[in-house]
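Report on one structure; see the data block that follows.
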Protein chains: 2
Amino acid sequence: MTESDRAEDELTPPPEGTGAISAHMTVDRQASHFKRARQARETEIVEDYVELVADLIDEQGEARSVDVAKRLGVTGATVNKMIARLKEMDLVNAEPYRSVFLTDEGRKMAEASRARHHIVVALLRAVGVDEATAWADAEGMEHRCSPETLAAFADFVKKQKL
Amino acid sequence: MTESDRAEDELTPPPEGTGAISAHMTVDRQASHFKRARQARETEIVEDYVELVADLIDEQGEARSVDVAKRLGVTGATVNKMIARLKEMDLVNAEPYRSVFLTDEGRKMAEASRARHHIVVALLRAVGVDEATAWADAEGMEHRCSPETLAAFADFVKKQKL
DNA sequence: TACAATTCTTAGCCAAGGCTAACTTTTTAG
DNA sequence: CTAAAAAGTTAGCCTTGGCTAAGAATTGTA
């Protein structure tokens, strides 16, 4: 499939009031957004696990898989499988029947994820979302914000406070 | 597993500066947030397809699966399988080798999805995110905002404009 | 009309991320 | 110290949503 195959898409006039293709949204751009979204869906589960492991370590000194399971609302078997995957990705260290620890890389991911989480919560609060809803909704939004958007959020929150 | 099994979670003091458990985030609440997030991941793909079918119908009078495939950046086979699923869910009508049409329910879902999409874009613009990034990031955030958050967004945007 | 290109369908594959059930190891209580 | 409870592991299953490859239907055109 070549570029010229769908050159006409570039010329489609922007229809008003729909989510349809327009100037800033060519077919190619849209496809790549969806691809990014699919990618995000894949990585966000990993990030959730890693962030949670970090939380547990910080709170309780160690992350036991039973606690991970409780907080994520999944079974122990599922956690086990996922931990194995995280281990393969070099995000955690784990020995059978022992609790889970973060590698440097894992810790870095957790901190980044956590930072994003907090920025999103702060932004939601700043535009008038109540505390509980902000925490609930940030879980999910945090993985879908580009660095640019997060920067804008941080900026906005900072200005709001002045 | 009973409530009392983890009553101690309610008493955990809120550690500062982490994403850890605190007053507004009991283990149960957190688990249910993650469950909601998993649910959202499942429904958002459906919504993406339905919204896109609506876009194509509005733009071109019909939704051909080759166009859906192009815009989502997936193969025709994938679209085919998904359309079959949407049909089972009574969101679309589709006959072999013919283009796809929305049922009333499908149209309703598309409109709702589109409305959310626009609110999110507007909010992002309002807090200083540039046009292109706003459109890119809204794709993904739109599925993760509760009605409360969307209402707050709409409210904030309206006030901003005055 | 017939053939070529395009589109659509089908079959079969894969990985991810859930689950249950059965089993082993570790921890805890008596 | 031993038995019961809790935690962790393993095996096997399911659904989703991707993919490729091969073939059938439709459409466009010489």
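A, B, ... follow the sequence lines: proteins, then strands. Residue 1 opens every chain.
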Output for pair (A/K70 NZ, B/D28 CG), nearest 0.5 Å, gives 10.0 Å

Which part of the nucleic acid, if any, lies within contact of B/S65, taking any heavy atom under 4.0 Å across all strands shown: a base, the sugar-phosphate backbone alone, or nothing? sugar-phosphate

Distance, rounded to the nearest Å, where B/Q60 contributes CD and C/dT7 contributes P: 12 Å

Given D/dT27, is OP1 or OP2 found less than 4.0 Å from the side-chain N or O atoms of B/R98? yes

What is the separation between atom NZ on A/K81 and atom P on C/dG18, rounded to the nearest whole Å? 9 Å

Below the 4.0 Å mark, does D/dT27 have OP1 or OP2 next to a side-chain nitrogen or oxygen of B/R64? no

Please tabulate, for the side chains in residues 150-157 of chain B, all donor-acceptor contacts under 3.5 angstrom to protein atoms that are two or more places apart in sequence or on a different chain.
residue : atom : partner : partner atom : Å
B/D155  : OD2  : B/K159  : NZ           : 3.4

Dot-bracket encoding of pairs in DNA chain D, which uses [ ] for pseudoknotted crossings and | for another strand, Watson-Crick or G-U under 3.5 angstrom: ||||||||||||||||||||||||||||||

Check each of A/D67, A/V100, A/V68 against A/L52 using the side chain to side chain contact (heavy atoms under 4.5 Å, CB included) test, and report the only one that passes. A/V68

With no hydrogens and no angle check, do the side chains of B/S146 and B/E148 hold a donor and an acceptor under 3.5 Å apart? yes

A/A77 side chain: which of C/dG18, D/dC19, C/dT20 is closest? C/dT20

Atom CD1 of A/I45 and atom C1' of C/dG18 are separated, to the nearest Å, by 9 Å

Taking CZ from B/F34 and P from C/dG18, how many angstroms apart are they, rounded to a whole number? 11 Å

Under 4.0 Å from OP1 or OP2 of D/dG18: is there any side-chain N or O of B/Y49 that close? yes

Nucleotide D/dA7, atom P - distance to OH of A/Y97 in whole Å: 14 Å

Of A/E42 and A/P96, whose closest DNA chain C nucleotide lies nearer the 5' terminus? A/E42

d(CD1, A/I83; P, D/dG8) in whole Å: 10 Å

How far apart are the closest heavy atoms of B/M141 and B/D137, and which atoms are they? CG-O, 3.2 Å

What is the distance, rounded to the nearest whole Å, between atom CD of B/E44 and atom C1' of D/dT16? 13 Å

Find the distance B/D48:CG to D/dT16:P and express it as a whole number of Å. 17 Å

Name all residues meeting the side-chain hydrogen bond (donor to acceptor under 3.5 Å, both in side chains) criterion together with B/D130; count only those two or more places apart in sequence or in a different chain, and write none if there are none. B/T133

For A/N80 and for B/G76, find the nucleotide of DNA chain D with the closest heavy atom, then tell me which residue's nucleotide is more 5'. A/N80

Aromatic centroids of A/W135 and B/H33 separated by under 6.0 Å: no

